[in-house]
Every structure is written in C-alpha cells, then in structure tokens.
Amino acid sequence: MTRTWVLPILLVLCGSVVASGLVFNGSPGEAAVLLLVFVLLAGVNSPLIFPRPIGALEAQRRSAVDGRPVVYWRSGCKYCLRLRIRLGRSARQLHWVDIWRDPAGAAAVRAANEGNETVPTVVVAGRPRTNPDPEWVREQLPPSA
C-alpha cells in the first residue's frame, strides 16, 4: 500500500522545498503557484482519482455475474491515468484492481503478460488485453438498463 503513495508524497515534498526557497527569496506568489502545481501533480498520480479498488478474486467473481470488464492498474502509471481520464464517468462501471495492493491481481497481470506487470490490463470474458484503447473498453460495457 505504501508504494502507491511514494510518488505523490515525493511530489508534495519536492514542491514544498522549492516553494520554501522561493518564499525565502521574496517570491511568495510564485511559491504558491508552484506548490499548487506540485499538489495537482501529486493528486493526479495518486490512487484518489481512480474508483475504489477491489481484490482480483472479487473482481473476477463480479465480472462473471455482471459481464463488466476488470481493469488491473497501479498508481503512477501514465497509461492507467490516460485510460481512467478518457473513460470519464463510465470508469465507475468497471471493476478496478490495484496490483500494488493485491498480490492476486499482480499475479493475474503477470500471467496475462508473459511474466511482466504491464498495466493497464483489461480482462473481458476471461480474455486479457494490455493497454487497450479507451473507446474499445467503453464498447465492452454492457448496455445500460
């Protein structure tokens, strides 16, 4: 779990150090803007913008029942972030598994990607697809009732 927060914490700490230097040099306005940029970068690279993750076994069980895709991801992955942002509100309809929090999820990704933890890996009806186009993922969602 701590791995998911390393990059966001480092971004905030680095931003704080640089902003402090700017304040001491008499540029509080620049310091505030710079710190805000670092905080926003930390937020984007944190798990906070992703739907709440569930375990791989639970995601597989739910997917078998409702037919929705399972997305294996990790924080700090720019391709996972791209997928999440491009899916917009429909991202909440997917089952998200954070491979850094769930060893079974990491094992499922390694099994699908020749031993590599390449994410995002999306599994639809038992078939994995690595770094798929967000439009393809959206097409895999069952029609809304």
Side-chain angles (χ1 to χ4, degrees), residues 1-60 62-63 66-124 127-145:
M1 180 163 146
T2 56
R3 261 196 306 186
T4 61
W5 288 101
V6 169
L7 181 60
I9 289 171
L10 284 175
L11 285 168
V12 170
L13 287 175
C14 289
S16 299
V17 168
V18 174
S20 298
L22 286 173
V23 167
F24 288 127
N25 287 334
S27 302
E30 289 179 32
V33 170
L34 185 75
L35 185 58
L36 178 62
V37 168
F38 272 87
V39 168
L40 288 174
L41 281 171
V44 166
N45 285 291
S46 77
L48 296 176
I49 68 164
F50 289 89
R52 185 180 185 125
I54 58 176
L57 298 177
E58 178 65 15
Q60 292 165 1
R62 289 182 187 182
S63 180
D66 60 21
R68 294 180 180 169
V70 177
V71 180
Y72 295 94
W73 69 282
R74 64 173 172 77
S75 62
C77 168
K78 65 182 178 181
Y79 302 107
C80 298
L81 181 61
R82 178 192 73 127
L83 178 64
R84 168 60 185 99
I85 289 172
R86 297 256 325 266
L87 287 174
R89 298 182 107 185
S90 57
R92 299 246 178 243
Q93 298 175 28
L94 302 166
H95 303 295
W96 293 80
V97 178
D98 184 347
I99 66 167
W100 279 358
R101 290 186 179 185
D102 185 29
V109 170
R110 285 192 303 273
N113 293 298
E114 301 173 358
N116 298 311
E117 289 186 357
T118 308
V119 288
T121 297
V122 179
V123 177
V124 179
R127 292 179 313 236
R129 192 154 182 184
T130 304
N131 198 14
D133 183 81
E135 287 304 315
W136 179 85
V137 176
R138 193 175 285 117
E139 291 169 4
Q140 304 310 307
L141 292 171
S144 299

Leu94: which of Leu141, Val122, Leu83 passes side-chain contact (heavy atoms from CB on, under 4.5 Å) = Leu141
To the nearest 0.5 Å, atom CG of Leu41 lies from atom CG of Leu10 at 13.0 Å
Test log, rule side-chain contact (heavy atoms from CB on, under 4.5 Å), inputs Asp98 and Trp73 = CA-CA 5 Å; Asp98 184 347; Trp73 69 282; 3.9 Å; yes
Locate the shortest heavy-atom distance separating Pro132 from Val137; write the atom from each residue and the value.
-> CG-CG2, 3.5 Å
In Å and rounded to the nearest 0.5 Å, what is the CD to CD distance from Gln93 to Gln140?
-> 13.0 Å
Where the side chain of Thr121 meets the backbone of Arg129, is there a donor-acceptor pair that is under 3.5 Å apart?
-> no
How far apart are the closest heavy atoms of Arg86 and Asp133, and which atoms are they?
-> NH2-OD1, 4.5 Å
For Val12 against Ala42, the heavy-atom pair lying closest together = CG2-CB, 3.6 Å
Asn131 and Arg82, any side-chain heavy atoms less than 4.5 Å apart | yes
Would you confirm whether Asn25, through its side chain, and Ser27, through its main-chain N or O, come within 3.5 Å as a donor-acceptor pair?
-> no
So, the side chain of Arg110 versus the backbone of Glu114: is there a donor-acceptor pair under 3.5 Å, distance only?
-> no
When rounded to the nearest 0.5 angstrom, what distance separates NE2 in His95 from CD in Glu58?
-> 8.5 Å
Might you point out which heavy atoms bring Val70 and Ser63 nearest each other, and give the distance in Å?
-> CG2-CB, 3.6 Å
So, for Cys77 and Pro120, which heavy atoms are closest and what is the spacing to 0.1 Å?
-> SG-CD, 4.3 Å
At what distance, to the nearest 0.5 angstrom, does CD1 of Ile85 lie from SG of Cys80?
-> 11.5 Å
What are the two closest non-hydrogen atoms of Tyr72 and Val119, and how far apart are they?
-> O-CG1, 3.5 Å
To the nearest 0.5 Å, how far apart are CD1 in Ile9 and SG in Cys14?
-> 12.0 Å
Under the side-chain contact (heavy atoms from CB on, under 4.5 Å) rule, what do Val124 and Trp136 come out as? Steps first, then yes or no, please.
-> CA-CA 11 Å; Val124 179; Trp136 179 85; 3.8 Å; yes
Distance, nearest 0.5 Å, that separates CD of Gln60 from CD1 of Ile54 = 9.5 Å
